[in-house]
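Numbering of ligands and ligand atoms starts at 1, following listing order. The first residue of the sequence shown is numbered 1, and numbering continues consecutively from there.
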Amino acid sequence: MAKGHAHRWRVAPGAKAHLGQVDTRTTAGAPGDKAETEAATADLAAELAGLQERLYAEARQSLLVVLQAIDAGGKDGTIRSVFRGLNPASCRVASFKVPSEEERSHDFLWRVHAKTPAAGEVVVFNRSHYEDVLVVRVHELVPEAVWRPRYDLINGFEANLAAAGTRIVKLFLHISKDEQAERFQDRLDDPAKRWKFRKGDLEERARWDDYMAAFEEALSRTSTEAAPWYVVPADRNWYRNWAVSRILVETLQDMDPNYPPAEDLAGVVIT
Ligand code: AMP
Ligand code: MG
């Protein structure tokens, strides 16, 4: 994937992610202003749908999109905007909340592995196994001796999925602390958005620096050739949607799904 745009946001395997150095409001590389960029995103949506159709028909590879962000980072909005044009027959969203009693009684990858895509499918993880080195680390839900080995366990897990034909694209939607404040305020002010706000969100916000440190280490330790991380500047939704669409289209183009060979249809006549 030398050409294209995705490399702009990619965390090079082995490199350290520096989230503080990223301009979360940037529009770098965008094809134009908001309206022009939205038009380009609409074109990408059509491309995405075509590529998904071929992926489904081919039924050999699959795509796993991992979405992570701080609260109000735009995970739900990205799903709504970028994936709305896909065929629901072969696209699923899996959301990971506070683990249930049963989930907690298994290893941390158990519930996640169960939701990974089958051949031909696109699956979006709204939060993921990364919570087990993010919220779990920030709140010390388990000792460091338990969460620290998880970076390697995650890399092994993702390598296993990759070996089985799953492409993994991991997106960190990066907003600023100021942007989060605006979005929280919006959720408080708008009756249609209030359901998204919990008082606990403010306690998480107070741990902003701890979360950024946890994200930085996760991104640095688990961006691999098989499963790279991308840091998407996400203060502007229209730029975020375009960037995510570009990354997905470029990834699927690189996967190059093809329609399976047709049976030998010589002499077939429809009667
Ligand atoms: P939301 O995405 O706003 O519905 O919130 C889901 C909540 O579940 C977030 O506060 C996450 O931090 C939390 N969560 C997700 N996975 C885990 C996990 N493995 N351990 C603890 N909390 C989690
Ligand atoms: Mg929430």
Give yes or no for whether the N/O distance cutoff of 3.5 Å, strictly under, is met between [X] and ligand 1.
X   : result
K75 : no
D71 : no
V98 : yes

Flag for [Y]-[X]: side-chain donor and acceptor within less than 3.5 Å:
X    : Y    : answer
T222 : W229 : yes
E250 : H7   : no
T24  : D235 : yes

Please state which part of [X] comes within less than 4.0 Å of ligand 1, counting heavy atoms only: side chain, backbone, both or neither.
X    : result
R111 : side chain
R127 : side chain
V136 : side chain

Fill in: Shortest protein contact, atom 18 (C) of ligand 1 (heavy atom only)
P99 CD, 3.4 Å
Worksheet item: Considering only heavy atoms from C-beta outward, does the side chain of H139 approach that of E203 to under 4.5 Å?
Response: no
Worksheet item: Does NZ belonging to K115 count more than 12 external heavy atoms closer than 6.0 Å?
Response: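 Not more than 12 within 6.0 Å, no.
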